[in-house]
**Q** 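My structure is below; once you've seen it, I'll send some questions.
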Amino acid sequence: MHPVLRAAADRQWGVFSASDVRRAGLQPTDVQSALRRGEWDRIRRGVYVERGALADASRRGGNARHRLDCAAVLLCLGGHPAISHASAARLAGLPLPTAERGALVTLTDTEQWRRGRGYAVLRAGLAAHHVRDDGPFSLTGTARTLIDCARGWSLEDAVIAMDAALHAGAVTPEELRATVLEQTHWHGIGTAARAAGLADGRAESPLETLGRLRILGSGLPLPELQVDLHGPRGFVARVDAWYADAAVVVEFDGRVKYDDPFGGRTAAQVLWDEKRREDEIRDLGGRVLRVVPADVGASWPVKADRLRSLLATRPPVPPQLRAVPSARSRRWAG
């Protein structure tokens, strides 16, 4: 590739424009030849990408390909809109609702509102501290992105995204609250404020977030989150949730730990380790309630009744377990 185009592509997230082609001294016939030979692909009118770069982004999936689409739209539009809402959340690696996983590029501009093929530009104020630059392009920062999304998403989807960002250290509760206060009169800010109030950085998965919200919605007391249980001989297990008075452990059990185990273990080894771990908790007087993805849907009342029953009864064996907040829990508590 011509050095001018290589520099432009490196600066512009992998894409280059017809203006870049002209600066390189190439002619329209050179563009047509490159497209015909399969060296380049046209990603939007007047915006190109090397075929190998496009194939690599498509192979890596949503975030990488969406990044190319965002860059292409911005080069076509000109001006200085910022990547925002679901697009900014996707590029930040935050979990998205199913309805937001399409190819639509979402932008915010202080001066214009418009829609076009594959993109939407929303008009809104953009304070300087709400925007960060990445090369020639701008994106809303994590706090602004989360609050913008929460104003249009369901409460549960907003809390899931906020929990993930808090857990990753990408945002603080104070930043979320400050951003809410800056948008007090904006449409949907009530949902965003409620989501920020419910968010908790100790959640390690969307299932843990949904489980916590289901417990809260059932009128049950919230458990301690992410605690280390110790017995007479020391550490026993890290658990997702713990009710000390009733000696009840709640484990939010998704399939990923079995389908994609970490640490070089097989799924069978993970299952065996989980069984041994649970047996030790029970031997020391604890009781374990497992919550799987299917439980947080329509069948949640059954699981809630089981948890309510456990909390209302004393454990059959005097518990010998002591909870110690994990390092993450201590950081969250301040």
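What you see is a predicted model, and the numbers here were worked out from it, not measured in a lab.
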**Q** Would you call Asp163 and Arg212 a salt bridge, using N to O less than 4.0 angstrom?
**A**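 Here Asp163 pairs with Arg212 in a salt bridge, since their nearest N and O are under 4.0 Å apart.
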
**Q** Report yes or no: does Gln226 contribute a side-chain atom to a donor-acceptor pair with the main-chain N or O of Ala203 at less than 3.5 Å?
**A**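 Between the backbone of Ala203 and the side chain of Gln226 there is no qualifying donor-acceptor contact (under 3.5 Å).
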
**Q** With no hydrogens and no angle check, just 3.5 Å: does a side-chain donor-acceptor pair link Arg151 and Gln183?
**A** yes

**Q** Looking at Thr145, Leu104, Thr108, which hits side-chain contact (heavy atoms from CB on, under 4.5 Å) with His85?
**A** Thr108

**Q** Would you check if there is a donor-acceptor pair between the side chains of Thr140 and Ser84 at a distance under 3.5 Å?
**A** no

**Q** Between Arg6 and Glu50, is the closest basic N to carboxylate O distance under 4.0 Å?
**A** yes

**Q** So does Glu174 have more than 12 non-hydrogen atoms from other groups sitting under 6.0 Å from CD?
**A** yes

**Q** Specify whether Trp40 and Phe16 have parallel, tilted or perpendicular ring planes, treating 30° as the upper limit for parallel and 60° as the lower limit for perpendicular.
**A** perpendicular

**Q** Taking atom NE2 as the centre, does His80 end up with more than 12 heavy-atom neighbours from other residues, nucleotides or ligands that are less than 6.0 angstrom away?
**A**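 No, not enclosed.
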
**Q** The test is side chain to side chain contact (heavy atoms under 4.5 Å, CB included); show your working for Met162 and Ile147 and say whether it passes.
**A** CA-CA 9 Å; Met162 289 181 184; Ile147 299 304; 3.8 Å; yes

**Q** For Lys275 and Glu280, run side chain to side chain contact (heavy atoms under 4.5 Å, CB included): C-alpha distance rounded to whole Å, both residues' side-chain angles, the deciding distance at 0.1 Å, then the answer.
**A** CA-CA 9 Å; Lys275 179 184 183 305; Glu280 188 171 5; over 6 Å; no

**Q** Evaluate side chain to side chain contact (heavy atoms under 4.5 Å, CB included) for Val227 paired with Val324, printing each intermediate quantity in order.
**A** CA-CA 6 Å; Val227 299; Val324 176; over 6 Å; no

**Q** Can you confirm whether more than 12 heavy atoms, excluding those of Arg314, are under 6.0 Å from its CZ atom?
**A** no

**Q** Judged by atom type as modelled, is there a donor-acceptor pair below 3.5 Å linking the side chain of Tyr243 to the main-chain atoms of Pro221?
**A** yes

**Q** Between Arg123 and Trp113, is NZ or CZ placed under 6.0 angstrom from the six-membered ring centre and within 45° of the ring axis?
**A**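 No, a cation-pi geometry is absent between Arg123 and Trp113.
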
**Q** If two hydrophobic side chains count as joined below 4.5 Å and joins carry through other members, does Leu122 share a cluster with Leu74?
**A** no

**Q** For Pro232, give me all partners under side-chain contact (heavy atoms from CB on, under 4.5 Å), at least two apart in sequence or on another chain.
**A**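 Here the qualifying residues are Leu284, Gln320.
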
**Q** Just checking, any donor-acceptor pair under 3.5 angstrom between side chains of Trp153 and Thr191?
**A**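 There is no such pair between these side chains.
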
